[in-house]
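Input: a single structure, listed below in C-alpha cells.
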Amino acid sequence: QVQLVESGGGLVQAGGSLRLSCAASGRTLTGYAMGWFRQAPGKEREFVAAISWGGGRTFYADSVKGRFTVSRDNARNTVFLQMSSLKPEDTAVYYCTTGPGGYETNEYDYWGQGTQVTVSS
C-alpha cells in the first residue's frame, strides 16, 4: 500500500502563490509518475500536472501552463506543486496521486485525501 498526504493548501488572494506538497510513504513505486488533480464543487476531478519518475518530463493542463510548476524529490518521496498568479477559478480541492501516469484519473493507482485551495477575488 501507498499513503499520500498533501499539505500547503489554504486561502490566498488572486494573484498570490501557494506551494503544495505531497509526501508518499509505504511501498516503493519505482518508475511511477506523480500527479496533481483538482476538483471544484459540482465539477469532475480534472488533471492539473504530472511529473515522470526521474523528473525529466512534466505535463500541464492548458489552464495552468506558465503559472504552475510540478517537481519531485525522490530521496524524500515528495512531490510539489508551486502555484503562482492564482485565479479564483483555481479554487478546488487538490489531490496528489501516483501511478503509471497520464491525463485521466484511471491512469493512477493511489490518491491522497486532498487539500483545499481557495482563491479570493
Side-chain angles (χ1 to χ4, degrees):
Q1 273 289 11
V2 175
Q3 292 79 43
L4 301 172
V5 179
E6 303 97 335
S7 61
L11 173 64
V12 64
Q13 288 189 331
S17 300
L18 280 176
R19 188 192 195 207
L20 304 183
S21 300
C22 172
S25 61
R27 188 164 68 91
T28 300
L29 296 171
T30 302
Y32 267 28
M34 295 196 77
W36 291 93
F37 282 70
R38 67 187 182 186
Q39 188 166 19
K43 295 188 176 181
E44 292 187 355
R45 193 170 297 190
E46 65 175 5
F47 173 81
V48 175
I51 186 167
S52 61
W53 166 255
R57 292 185 299 164
T58 56
F59 308 88
Y60 297 94
D62 287 343
S63 59
V64 306
K65 277 181 184 176
R67 301 188 298 121
F68 291 10
T69 302
V70 61
S71 60
R72 68 189 294 169
D73 182 344
N74 286 345
R76 292 194 289 163
N77 294 322
T78 302
V79 64
F80 305 95
L81 185 68
Q82 178 67 46
M83 305 185 295
S84 302
S85 301
L86 283 162
K87 305 175 181 179
E89 51 263 44
D90 294 318
T91 295
V93 176
Y94 283 70
Y95 295 91
C96 172
T97 183
T98 187
Y103 295 93
E104 304 296 333
T105 56
N106 61 9
E107 295 178 281
Y108 294 86
D109 297 331
Y110 299 95
W111 294 83
Q113 293 299 305
T115 185
Q116 177 71 46
V117 171
T118 302
V119 184
S120 63
S121 56

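Because only heavy atoms are used, hydrogens play no part in the values below, and waters and symmetry mates are left out as well, while side chains stay in.
Taking the side chain as every heavy atom from C-beta outward, Ser25 and Gln3 approach each other to under 4.5 Å. Between Phe68 and Ser84 there is no side-chain heavy-atom pair separated by less than 4.5 Å. For the pair Trp111 and Cys96, the minimum side-chain heavy-atom distance is 4.5 Å or more.
Atom SG of Cys22 is separated from atom CD of Glu6 by 5.0 Å, given to the nearest 0.5 angstrom. Taking CD of Gln116 as the reference point, atom CG of Leu11 lies at 9.5 Å (rounded to 0.5 Å). With rounding to the nearest 0.5 angstrom, the OG1 atom of Thr115 is 9.0 Å from the CG atom of Leu18. Expressed to the nearest 0.5 Å, how far OH of Tyr103 lies from CZ of Phe47 amounts to 5.5 Å. Atom NZ of Lys87 and atom OG of Ser121 lie 14.0 Å apart (nearest 0.5 Å).
Counting all heavy atoms, side chain and backbone alike, Gly9 lies closest to Val117 at CA-CG2, 4.2 Å. Between Pro100 and Glu107, the shortest heavy-atom contact is CD-O, 3.4 Å. Across all non-hydrogen atoms, the minimal contact from Leu81 to Ala49 is CD1-CB, 4.1 Å. The two residues Pro88 and Ala14 make their nearest non-hydrogen contact at CD-CB, 4.1 Å.
Formation of a donor-acceptor pair under 3.5 Å by the Thr98 side chain with backbone atoms of Ala33 is found in this model. Looking at Gln82, its side chain never comes within 3.5 Å of a backbone N or O of Thr69 through a donor-acceptor pair. The closest donor-acceptor contact from the side chain of Thr97 to the backbone of Tyr110 lies under 3.5 Å.
The cluster map of Ile, Leu, Val, Met, Phe, Trp and Tyr, joined by side-chain heavy atoms under 4.5 Å apart, puts Leu4 and Val48 in the same cluster. Hydrophobic clustering (side-chain heavy atoms under 4.5 Å, transitive across Ile, Leu, Val, Met, Phe, Trp, Tyr) keeps Tyr95 apart from Leu86. Connection of Val2 to Leu20 is established within a shared hydrophobic cluster, with ILVMFWY side chains joined at heavy-atom distances below 4.5 Å, either directly or through further cluster members. Tyr32 and Ile51 end up in the same hydrophobic cluster when Ile, Leu, Val, Met, Phe, Trp and Tyr side chains are linked at under 4.5 Å. Note: the hydrophobic cluster containing Val93 does not contain Val119 (ILVMFWY, side chain heavy atoms under 4.5 Å, direct or indirect links).
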Side chains of residues 53-61: which donor-acceptor pairs under 3.5 Å do they make with residues two or more places apart or in other chains?
| residue | atom | partner | partner atom | Å |
| --- | --- | --- | --- | --- |
| Tyr60 | OH | Val70 | N | 2.9 |

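Note on residues 24-39: pairs passing salt bridge (Lys or Arg N to Asp or Glu O under 4.0 Å), not counting sequence neighbours, are Arg38-Glu46, Arg38-Asp90.
Between Tyr108 and Phe37, the two ring planes are perpendicular [angle over 60°; tilted spans 30° to 60°].
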